[in-house]
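So the structure is just underneath, and the comments pick up after that.
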Amino acid sequence: QIQLVESGGGSVQTGGSLRLSCSASGNTYNANYMAWFRQAPGKEREGVAGISSSGAPTFHADSVKGRFTISQGNAKNTVVLQMNSLKPEDTAMYYCAAAFGIATLDVRDRVYYNYWGQGTQVTVSS
């Protein structure tokens, strides 16, 4: 069992930055991949960025490339999502997820993730 706790959400204006952090505890050795997903009202949950336990490979959704960066945090079992140049369309609930045994080609698909955090709200105003 893995527990995931997100932090760092909030409200910013267009062009601002936020840094999300996800801390994993429990049987973390089971997880080989961690990712951030987001879900806006009335929309499906979509993959934003992900990173393997070894630090590579990573993925970033086309909509956030060049603006968001996922990395492993300084603290053990922590993943960070640095979000720059935020846009109103980035407004959503952001969820941290962890998977074990996931194939590289499946990392963008939420159905392959075994554990989820409670989410942290990101709101970008124009």
Side-chain angles (χ1 to χ4, degrees):
Q1 195 76 356
I2 294 175
Q3 295 77 42
L4 302 172
V5 178
E6 304 100 332
S7 62
S11 297
V12 296
Q13 292 188 328
T14 298
S17 297
L18 284 172
R19 185 178 176 91
L20 304 184
S21 182
C22 175
S23 179
S25 60
N27 296 328
T28 56
Y29 61 86
N30 283 332
N32 72 322
Y33 209 88
M34 292 181 68
W36 287 94
F37 287 75
R38 67 185 181 186
Q39 188 167 18
K43 294 188 177 182
E44 290 192 357
R45 193 170 296 189
E46 62 174 353
V48 176
I51 187 167
S52 76
S53 57
S54 64
T58 64
F59 83 85
H60 294 80
D62 289 343
S63 58
V64 306
K65 280 181 180 177
R67 300 188 299 122
F68 292 10
T69 303
I70 192 168
S71 63
Q72 293 180 332
N74 292 329
K76 190 178 180 182
N77 299 322
T78 299
V79 172
V80 172
L81 183 68
Q82 179 66 42
M83 305 187 297
N84 299 327
S85 302
L86 282 160
K87 304 175 181 180
E89 51 263 44
D90 295 318
T91 295
M93 185 71 79
Y94 282 70
Y95 297 91
C96 179
F100 57 86
I102 193 171
T104 301
L105 58 86
D106 295 329
V107 295
R108 298 171 185 259
D109 193 336
R110 59 185 175 89
V111 302
Y112 293 100
Y113 286 81
N114 309 95
Y115 304 101
W116 293 86
Q118 293 299 307
T120 185
Q121 179 67 37
V122 171
T123 302
V124 185
S125 59
S126 57

Within the 4.5 Å heavy-atom criterion, are His60 and Arg67 side-chain neighbours or not? no
Would you say Thr120's side chain and Gly9's backbone share a donor-acceptor pair under 3.5 angstrom? yes
Can you find a pair of side-chain heavy atoms, one from Met83 and one from Asp90, that are under 4.5 Å apart? no
Would you indicate whether the side-chain heavy atoms of Phe68 and Leu86 approach each other to under 4.5 Å? yes
How about Thr91 and Gln121: do any of their side-chain heavy atoms sit closer than 4.5 Å? yes
Heavy atoms from other residues, nucleotides or ligands near CD of Gln13 exceed 12 (cutoff 6.0 Å): no
Without hydrogens or angle criteria, can the side chains of Ser53 and Asn32 be said to hold a donor-acceptor pair below 3.5 Å? no
Ignoring hydrogens and angles, tell me if any N or O in the side chain of Glu6 forms a donor-acceptor pair with the backbone of Gln118 under 3.5 Å. yes
Determine which pairs satisfy disulfide bond (SG atoms under 2.5 Å apart) with at least one residue from residues 78-126, sequence neighbours left out, and list them in order. Cys22-Cys96
Non-hydrogen side-chain atoms of Gln72 and Val80 separated by less than 4.5 Å: no
Clusters formed by hydrophobic residues whose side-chain heavy atoms approach within less than 4.5 Å: which one holds Leu105, and what are its other members? none
Within a 6.0 Å radius of atom CD on Glu44, are there more than 12 heavy atoms belonging to other residues, nucleotides or ligands? no
Can you find a heavy atom in the side chain of Pro57 that is under 4.5 Å from one in the side chain of Thr104? yes
Donor-acceptor pair, distance only, cut-off 3.5 Å: does the side chain of Thr14 make one with the backbone of Ser125? yes
Just so I know, are the side chains of Leu81 and Thr69 near enough to count as touching, which here means a heavy-atom distance under 4.5 Å? no
Lys65: partners by salt bridge (charged side-chain N to carboxylate O under 4.0 Å, His left out), with sequence neighbours left out: Asp62
Can you pull out every disulfide bond (SG atoms under 2.5 Å apart) where at least one residue sits in residues 27-75? Sequence neighbours excluded, please. none
To which residues is Phe59 joined in a hydrophobic cluster, defined by side-chain heavy-atom contacts under 4.5 Å among Ile, Leu, Val, Met, Phe, Trp and Tyr, whether direct or through other members? Tyr33, Phe37, Met93, Tyr95, Ile102, Val107, Val111, Tyr112, Tyr113, Trp116
Less than 4.5 Å apart, any side-chain heavy atom of Ile70 and any of Val79? yes
Pair Ile2, Asn114 - check side chain to side chain contact (heavy atoms under 4.5 Å, CB included), show working. CA-CA 9 Å; Ile2 294 175; Asn114 309 95; over 6 Å; no
With sequence neighbours excluded, tell me which residues meet side chain to side chain contact (heavy atoms under 4.5 Å, CB included) with Ala92. Arg38, Ala40, Tyr94
